[in-house]
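The block underneath contains the structure these notes are about, expressed in structure tokens.
Because only heavy atoms are used, hydrogens play no part in the values below, and waters and symmetry mates are left out as well, while side chains stay in. Predicted model only: the values in this text are computed from it and were never measured.
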Amino acid sequence: MSFEWTTFVYAIIAFGILYYFLQKKAFGPLFGIMEKRRERVLSDIKTAEQNRVQAEKLLEEQKQVLNQARQDAYEIIERAKTTSVREAEEIIRKAKDEAARLQAEALKDIESEKNKAVAALRSQVSAMSVLIASKIIEKQIDEKSQAEIVNHYLNEVGDKL
């Protein structure tokens with residue numbers, strides 16, 4: 001194989017012309033497409049980073065909202081417990097007041113009935129005393145029989161009580 005300069009020069013010139021046409025027609029648009037793709041990839045990466053930051057921010061906000069909701073729920077439960085305890089104490093106090101009022105009324109009724117019974121007893125004792133006196137006068141008995149009659153009628157009155 002021999003080396004021919006003319007073929008070598010023709011090959012370099014042909015390669016230069018081919019390179020020029022490829023540069024104009026193929027490499028320019030190919031590099032342009034590759035540059036656009038590179039820019040789109042960079043843009044997508046930037047957008048993904050922004051979305052990630054925004055997602056983290058939203059996640060943090062959601063955590064704060066959830067914690068606030070939990071705290072509010074706890075406060076509502078505590079208020080409900082306090083209110084229920086207060087209402088239970090109020091119900092118990094009212095029941096005790098009502099029981100005391102009913103007890104006082106019952107005591108008044110008992111005292112009234114006792115007074116009525118005592119008045120009725122006095123009335124009966126008076127009537128018995130008059131009856132005893134009239135029987136004593138009728139019989140005109142001695143002191144011993146009079147005492148027996150009085151005791152007998154007092155026992156009779158005691159049995160009725």
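With sequence neighbours left out, E49 forms a side-chain hydrogen bond (donor to acceptor under 3.5 Å, both in side chains) with R52. Taking the side-chain hydrogen bond (donor to acceptor under 3.5 Å, both in side chains) definition, one finds that R70 meets it with nothing, sequence neighbours left out. Contacts of Q62 classified as side-chain hydrogen bond (donor to acceptor under 3.5 Å, both in side chains), with partners at least two apart in sequence or in another chain: none. Every side chain to side chain contact (heavy atoms under 4.5 Å, CB included) that Y10 has, sequence neighbours left out, goes to T6.
Within the model, atoms CG of L66 and CG of L59 stand 10.5 Å from one another, a figure rounded to the nearest 0.5 Å. Taken from OH in Y19 to CG in L22, the straight-line distance is 9.0 Å, to the nearest 0.5 Å. Annotation: the span from D44 atom CG to N51 atom CG amounts to 10.0 Å, rounded to 0.5 Å. To the nearest 0.5 Å, atom CG of residue L58 and atom NZ of residue K63 are 12.5 Å apart.
Summarising the local packing, CD of Q50 is surrounded by more than 12 heavy atoms from other residues, nucleotides or ligands at distances under 6.0 Å. Annotation: R37, atom CZ; neighbour count of heavy atoms from other residues, nucleotides and ligands within 6.0 Å does not exceed 12.
Using a 4.0 Å cut-off between charged side-chain N and carboxylate O, K116 and E113 make a salt bridge. A salt bridge does not link K108 with E105: none of the charged nitrogens is closer than 4.0 Å to a carboxylate oxygen.
At a threshold of 4.5 Å between non-hydrogen side-chain atoms, the residues R40 and K36 do not count as touching. R93 has its side chain within reach of E90: a pair of non-hydrogen atoms, C-beta onward, lies under 4.5 Å apart.
Put simply, the side chain of T47 gets close to the backbone of S43: a donor and an acceptor are under 3.5 Å apart.
Following chains of ILVMFWY side-chain contacts shorter than 4.5 Å, one cannot reach W5 starting from F15, and the two form parts of different hydrophobic clusters. One hydrophobic cluster holds both I17 and V9 under the rule that ILVMFWY side chains link at heavy-atom gaps under 4.5 Å.
In the hydrophobic clustering, where aliphatic and aromatic side chains (Ile, Leu, Val, Met, Phe, Trp, Tyr) are joined below 4.5 Å either directly or transitively, V41 groups with I45.
For residues 72-86, the side chain to side chain donor-acceptor pair (under 3.5 Å) pairs, not counting sequence neighbours, are Q68-D72.
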